[in-house]
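Structure first, then comments.
Letters A, B, ... mirror the listed sequences (proteins, then strands); counts begin at 1.
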Amino acid sequence: MTEIASKYEAKAIEDKWYAKWMNNKCFASQPDGRKAFTIVIPPPNVTGVLHMGHMLNNTIQDVLVRRARMKGFNACWVPGTDHASIATEAKVVAKLKEEGINKQDLSREEFLAHAWDWKEKHGGIILQQLKKLGASCDWDRTRFTMEEALYESVIDVFVDLYDKGLIYRGVRMVNWDPVALTALSDEEVIFKEQNSKLYYLKYKIENSEEFVVVATTRPETILGDTAVCVHPEDERYSSLKGKRLIVPLVGRSVPVIFDEYVDREFGTGALKITPAHDVNDYNLGLKHKLDVIDIFNDNGTLNDNGGVYASMDRFDCRRKIVEDLQDAGLVFKIEDYNNKIGCSERTNAVIEPKLSLQWFVRMEKLAKPALEVVMNDTIRFHPAKFKNVYRHWMENVKDWCISRQLWWGQRIPAYYLPNREVVVAKTLEEALAKAREHFPEENYTSADLKQDEDVLDTWFSSWLWPISVFDGIRHPDNDQIRYYYPTDDLITAPEIIFFWVARMIMAGLEYRKEVPFRNVYFTGIVRDKLGRKMSKSLGNSPDPIELMDRYGADGVRMGMLLASPAGNDLPFDESYCEQGRNFSNKIWNALRLIKSWKVEHLPQPDSSRKAVEWFEAKMNATLCELEKDFSNYKLSEALMTVYKFIWDDFCSWYLEIIKPAYQSPIDSETYERTLDIFERLMKILHPFMPFVTEEIYHMIRQRKEDDFLMLSSMPCGTERDDAVLERFAFVQEFIAGVRTVRNEKNIAQKVALEVYYSNGRESGTLAEYADIISKMCNLKSFESTSEKVGGAIAKMVGTTEFFIPLTGSVDKEEETRKIEADIKYYEGFRASVMKKLSNESFVSKAPSNIVEAERKKLSDSEQKIALLKEQLAALK
RNA sequence: GGGAGUAUAGCUCAGUUGGUUUAGAGCAUCUGCCUUACAAGCAGAGGGUCAUAGGUUCGACUCCUAUUACUCCCACCA
């Protein structure tokens, strides 16, 4: 045998196998007679680099895909990236700025050329990184949400929904980002605590010298005030009915309105109303039919409605206006105040609520069936607790603002006519045809049509992802979509259950009349040891590539999975990866052991035959357990099951039993059975640790290079022999009992012991497995006895007593103490059982098998107590 | 403010419709071992009033109620 290193070195081996898998197209899938198993990747942002969240998410996907592939499914994992309009545009803008180019100086076409250029050069690094992790994606299918087919799908869907009346254009209050010059969805706004001031301003009552004090954090918005509101039952202000107030500095006369919306406890209980710049004020404005005065430009400066403040920045204006108010004696007081301010997730700019013409999708009709399929388990959520979250949102769903004032994205296919009408169509030509059809007298030409400047929300393309990657929007009957849709599992984070998961379900039902996936597995958030979310800004996220260099991709994969049941956050700690690496090494050394044996045609020892028999039974039991774990998506438990099966059952028990004495040969029968078993173990482990298992598979037996483990079939559990498992479990317990004595008495492993065991219920099993017991405990004799052995250590396992005569003297005091403690324990136990049995209602009401079990507990404990007492007596 | 979830060993988690000897695992800890596959290892051990208080039941980690602590989601007060 050639020398095999005692330490497993992952890196070279991982690179080697990934290249071989790729060269042999092991990940490729095309429709065939098998059943499909499909996963579409949650497309990472094209700007993204691999972080720990991706590692977890993609490890899980790979485990599921690899297992399905080995179970005979035609497994297809579709990779790709998302154009991420806001993030990418921000990145390109920043890069251009470094080069001294302003976005404003470029035409739309020029900017897009730069953006595509950036995408070609830097986009999709993350997909290369995923290969290091071992992701078995069908890379030939890599899709991008802005590529032609997907772009067109988005446009098709927009036109279709518009024609169905599900898309409309309306005035709405949107979250305006004055830096990015775009509207943001509610989800993209984050609220931050900020120290600010609460200004108490005097509003004169019209035709009176009295005034009302109104508290505000945004004094500059008085320029847009069109009312002051108080609570209808607020006695302080009951005299204001029918009165009007003068907005300070501005001099405008506005009505006092009464509405229960006002919190009487806050400030003075009087609220100024600026319908153009606050969502609540806007709603109140609608209700009370107030004027709307918009005072801001898009970039956050004051517009002409700002009068003398026009063209000032909003924050400069605030300072100036406060000064002016103070000079005019219109400030009652100023207090410190902490409030929460909405900021843009991307640019960090303070959000300006703004009235704007935007495109919306009507959600109500789409949401209803999408809610139903989750509630009735057509789509199963793992864990199921997210069903509640989902329901809550779907029942209160609001219309979806889909227009974004950006260039990088699918441009909205709406065309404005000189007569201010709008037509929606896939192309300019079709739009023109529609325009001519509607307004035959106008004789429009294409030059008359002006396309909407906005692009669509990124999620408006990602919601089609499971369909559009198979081109199922443009060609609903193509072979690919028919074969692969619906997909099987979606692996994603609970944070995007609404923007993405819910909307994919809606799109699936609307465009395929079928759910997009059967199962949704929600991963947790990866946190650091202190429980903080991993993030770039905190710098607490390890570099996944470096981690894989140190522990191997297999080690990191195992590390990620060990501590993350579905839906639970993962408090990441490198020691998990270390455990994974150690496991790789353990398997590696099992291989070294086996490969070091000389094989000869010898009769198979009984101990080996029994070990094989037991291990096969254990294998069946384990396979059943795994089947159950996987069907419940309990991947951590499945991995732990495999881990213990290999480390404990295979290495610590099976191999130790069959291991021949040093430099002695092994019989060929046991050897062949062992190689068989080892190969099956590698198959079972493969989905979790693809690289080390593939490597070892090829070293166990000589095989052709393209005879891949990853394409082999997963072993299936058959009926298991519980009787064997039970007997062996007792043998293990017995062996541990003897070893404990050895440990307690500090007897070296090499000193062979003499052991006698009492005749009883289990003595048959002990005789049957005598060879194994002798080997595992290093015994020189192992015999049954019908009498007590004097001057020996006596212990009990089950109901069997065993004796180890020791050459040295027995520490009577210590033994006595231990036995007395045991007696105490069993007496306590017996007491609790007796209490139950003496309870008449227990005996009469509990099922008979339970009562029977209690009786057995009682007799067992009594037998043990009796034996222990005998031992105690023998000691004295 | 509204909704949901969690609370079991030092840490991370299992514990199926209430009854399987007075709760299990991995890691960590401790003890003894450099035993010819592996110290990234071997053998063994210790460690829990199952958050608190009530209730239902013959019987509660498991079901109900309240309390406490934490987490997440939604909304948000000028």
If the [atom1] atom of [N] is compared with that of [M], how far apart are they to the nearest Å?
N       : M       : atom1 : answer
rU17(B) : rC76(B) : C1'   : 43 Å
rG48(B) : rC58(B) : P     : 32 Å
rA43(B) : rA37(B) : P     : 14 Å
rG18(B) : rA60(B) : P     : 13 Å
rU6(B)  : rG46(B) : C1'   : 29 Å
rG15(B) : rG3(B)  : C1'   : 28 Å
rU35(B) : rG24(B) : P     : 34 Å

For the side chain of [X], counting heavy atoms from C-beta on, which of [options] is nearest?
X       : options                   : answer
D648(A) : rU12(B), rA43(B), rG26(B) : rG26(B)
R581(A) : rA40(B), rC38(B), rG26(B) : rA40(B)
K845(A) : rU12(B), rA40(B), rC58(B) : rC58(B)
P847(A) : rU22(B), rG19(B), rA37(B) : rG19(B)
D263(A) : rU22(B), rA14(B), rC77(B) : rC77(B)
Y643(A) : rG26(B), rA78(B), rC42(B) : rG26(B)
N280(A) : rC38(B), rC76(B), rA78(B) : rC76(B)
H392(A) : rA37(B), rA14(B), rG2(B)  : rG2(B)

(request) Could you verify whether a donor N or O on one side chain and an acceptor N or O on the other, from T799(A) and Q863(A), lie under 3.5 Å apart? (result)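 No, no side-chain donor-acceptor contact under 3.5 Å.
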(message) Could you check whether D860(A) pairs with K856(A) (Lys NZ or Arg NE/NH1/NH2 to Asp/Glu carboxylate O, under 4.0 Å)?
(response)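 A salt bridge is present here (some side-chain N lies under 4.0 Å from a carboxylate O).
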(message) Do the side chains of D569(A) and R527(A) get close enough for a salt bridge, i.e. N-O under 4.0 angstrom?
(response)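 A salt bridge links D569(A) with R527(A).
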(request) Could you check how far CD1 of I273(A) sits from P of rA78(B), rounded to whole Å? (result)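 Those two atoms, CD1 and P, are 13 Å apart.
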(request) Find the distance Y390(A):OH to rG5(B):P and express it as a whole number of Å. (result)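 It works out to 18 Å between those atoms.
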(request) May I have the step-by-step check of ring-ring contact (aromatic ring centres under 6.0 Å, His included) for F386(A) and Y390(A), ending in yes or no? (result) CA-CA 6 Å; F386(A) 288 109; Y390(A) 182 80; over 10 Å; no
(request) Go through the N and O atoms of the side chain of E656(A) and the base of rA37(B), and report whether any donor-acceptor pair is under 3.5 Å. (result)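 Flag set: donor-acceptor pair detected.
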